[in-house]
S.K.: 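Quick one: this structure, given as structure tokens, is what I'll be asking you about.
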Amino acid sequence: MSRKILIVDDEEVIRKFLKIHLAKLGYEVKEAGDGEQAIEQLGKDDFDLLICDILMPKKNGWEVIKEAKSNPKTKDMPVIVLTAKNEDSDMFKGYDLGANYYMTKPFSKAQLLYGLQLMFNEA
Amino acid sequence: MKDQDKKKIVITLRWTAIIVTSYLILFGRGKVTDIQLSHFLIAVYLLSNVLLTFLPKTWFSNLKFFYPLVIFDTGIVTFGMYLSEKMTTDFYLVFFLIIIFASISRNFKLLMVMGGITALIYGVLLYSWGLLTAETGASYTLRIPFIFIMTAFYGYIVQTLTKEKRKELTISEDKYRGLFENANDGIILLRNSQLQIADVNREAEKATGYKKEELLQKEVLDLFGPEEIEKARCYFKEVVENGEGRTDFLSFMRKDGGMLEMDLSTKRIDLGDESFYQMIFRDLTEQRKLEKKIRESKRNLEAIFDGIRDQLSIQTPDYQIFRVNRAVIEKYKSTFRELISRKCYEAYYQRTLPCEKCPISVTIETKQPASSVMKISEDNTTLQIFSYPILDEKENLLSVIEYVKDITEEQRLQEQLIQSEKLAGIGILASGVTHEINNPLSGIIGMAEIALEEEDPSKNRDYLKDILICAQRISEIVKGLKSYSRAAKKEDLSPVDLNEVLEESWKMVCLAIKNPPLEVIKKFQPIEKIQANIGEIQQVFTNLITNAFQAMNGGGEGKLILATRSLKDSVEVKVSDNGLGIPQKYLNQIFDPFFTTKKPGEGTGLGLNIVYRIVTKYEGTIEVESKEQVGTTFTIKFPKRRDDS
């Protein structure tokens, strides 16, 4: 059974190419366009990985990660932060909240693959 | 006695005198020298009394009427006696004796007693001479009541005259006493010899603190303290020599030891046989204190006036200079004398007419303060000129204060400040823009990588479309950033469409802030362009919109209203939010430089100050209305350009 990944980003084009890349790699991908949708999806389904943007309408990425990490169902789910916020303080905040990998935009496919490898220990 | 009674008595007495005199002349023993003249005389005497009945009663209290009447009556009687041979020498003597008695007697009753005694003695004499027993004794007998009647007539008249005189004297004395006692100045009368105090009025008692009885025991020199006594002695010596003297350098020593500074004038006056010196003095203590305060205040004001480094001058309503401070003299390398009385526009700007936009002209016309900024091309300076009216109590314009501030350096610093704030804004914007660019950039990279890997070329078209959209987004962002970072230079004044700039600014702020407000309402009406620097106006709007976003906690839940409209003389821009609002206590401070309620590092406190500076630079106004938890509205009004109206 393939692994299930939730992509949360308000940029449609980013969700689109991530989905193409990940689908090619054999993952099952679900999308959310804002923080509230993400929380909803996390409640409905079980995911093996959360790729989450930070600056989003309604609920930001920090709140999504916080809720995910405080929910027993999702607390062990690995999280990749994918954001344009490239300052050290943001990165530390992400790790503090329980993120497993911090990836800044713009990024390449290689960076994504590296992140996935770290998360799942596979290529 | 009433005037009416006086008139009756005088007329009655005269009728009696006329009857007796006429009888004696016409029917006495002996012949009349000139019978026609005698008849004429009696007729005149009769007519005169008839005439008196028609005269106003008030005349009978007037001495100027009484004296001629007495002389007239005496003359008539005397002349009548002369015409009649019946009047012998002894009768003349008795008649004039009566007049003498009447003139020296002050007491009417005594006079009547004397008249009675004289009539009696004369009667006895006539009897002893055997004249009363003769055939014509009746005419002699009549002389006795005649004497008595004439005594009564003259006696009454003399008494009336005396009373009137006394009354006049009493009135005159009362008037003098009233003036003396009620005078606002202190008055002291000194006896000639030793300058002993003879009389004082109430004000003198009050001013010196001594009672009248105490003062009357003193000599005038006792009223001066040891330090003043020599000066006082010299003064009185001079007064005695010249008969008068005036000084305001002497002070009395009051009973309580305090000094009474005064303006003193002394003059010799003669009252009856005695000479007095009348000292009139006015208490100058309060006046001196006031004068001292005024002098100090004047000195202070002059020091302040001259100490002010900006130019201050006072002009008349016809532009004539009548006071300038040191800064003006230094600025124009001139002297006070050279500037005074000259027209300000001639002296300062070598013009023949008042300057255009001169605030003094506005103040002269409106009697209200005014100000304007003038650029002086000769020395490339910028002056801010304020004018303030000085009005009298009837609101008439007395003069105008002109306060000239050289703001050349201030303006340069302001430009710099605006520029630095703009750069800071660009910095903040850049971080927002980075995020905004990185997103489409990620899209481009990601899509390009997919396209490269894609084996089916038909799918690439779709990827390339996404890449193009992302690239166009980046292009828009860069364009906007470039527009924002235009330097605000003075030369860049151009007609500015506020609707366009407001829209552009709104977009720029949206770039920097991830969460735009939920609702943005734009109510843009067609409005006139204003003459301004577009970059500065953009800075005003971006600062206000950024503040609105921050007040709405990043914008997400908020409602932003951007509105413009055209008013009669101005164009109006409103930026409203439904954010946290500004606490009432801060409303007066929000435009102050470096005032911020944000945490350190989050705000410079210059944003609204810059807004205020820019708006007022273009002679605009900015107002704020705010209620906590309800929202804030900033209203900016710029005056319409003159050529638009």
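Convention: sequence-line order gives letters A, B, ...; per-chain numbering from 1.
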S.K.: Can you confirm whether more than 12 heavy atoms, excluding those of A/Lys69, are under 6.0 Å from its NZ atom?
M.R.: yes

S.K.: Measure from the side-chain N and O atoms of B/Glu449 to the backbone N and O of A/Lys109, and report whether any donor-acceptor pair falls under 3.5 Å.
M.R.: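 Present.
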
S.K.: Should we say atom OH of A/Tyr114 is surrounded by more than 12 heavy atoms from elsewhere, each under 6.0 Å from it?
M.R.: no

S.K.: At what distance, to the nearest 0.5 angstrom, does CE of B/Met447 lie from NZ of A/Lys16?
M.R.: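 Here the rounded value is 4.5 Å.
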
S.K.: Measuring from atom CD1 of B/Ile450 to atom NZ of A/Lys19, what distance do you get when rounded to the nearest 0.5 angstrom?
M.R.: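 Going from the CD1 atom of B/Ile450 to the NZ atom of A/Lys19 covers 12.0 Å.
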
S.K.: A quick test of your reading: do over 12 heavy atoms of other residues, nucleotides or ligands sit less than 6.0 Å from CD of A/Glu12?
M.R.: no

S.K.: Could you tell me the separation between the NZ atom of A/Lys24 and the CD atom of B/Glu454, rounded to the nearest 0.5 Å?
M.R.: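 If we round to the nearest 0.5 Å, A/Lys24:NZ and B/Glu454:CD are 5.0 Å apart.
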
S.K.: Counting only heavy atoms not in A/Lys73, do more than 12 fall under 6.0 Å of its NZ?
M.R.: yes

S.K.: Closest approach of A/Pro106 and B/Leu441, non-hydrogen atoms and distance?
M.R.: CG-CD2, 3.6 Å

S.K.: Tell me the closest heavy-atom pair linking A/Lys105 and B/Ser442, and the distance in Å.
M.R.: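 Residues A/Lys105 and B/Ser442, closest heavy atoms: CB-OG, 3.0 Å.
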
S.K.: Compare every heavy atom of A/Phe107 with every heavy atom of B/Ile445, then report the nearest pair and how far apart it is.
M.R.: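 Reported closest heavy-atom pair: CG2-O, 3.5 Å.
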
S.K.: State whether the number of non-hydrogen atoms from other residues, nucleotides or ligands found under 6.0 Å of A/Tyr101 atom OH is greater than 12.
M.R.: yes

S.K.: What do you reckon, is NZ of B/Lys459 surrounded by more than 12 foreign heavy atoms closer than 6.0 Å?
M.R.: no

S.K.: Taking the side chain as C-beta and beyond, is there a heavy-atom pair between B/Cys470 and A/Val13 under 4.5 Å?
M.R.: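 Result yes, sub-4.5 Å side-chain heavy-atom pair found.
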
S.K.: To the nearest 0.5 Å, tell me how far B/Asn438 CG sits from A/Thr83 OG1.
M.R.: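 With rounding to 0.5 Å, CG (B/Asn438) is 9.0 Å from OG1 (A/Thr83).
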
S.K.: Kindly indicate whether the side chain of A/Ile20, heavy atoms from C-beta on, has any atom under 4.5 Å from the side chain of B/Tyr463.
M.R.: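 Side-chain contact under 4.5 Å: yes.
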
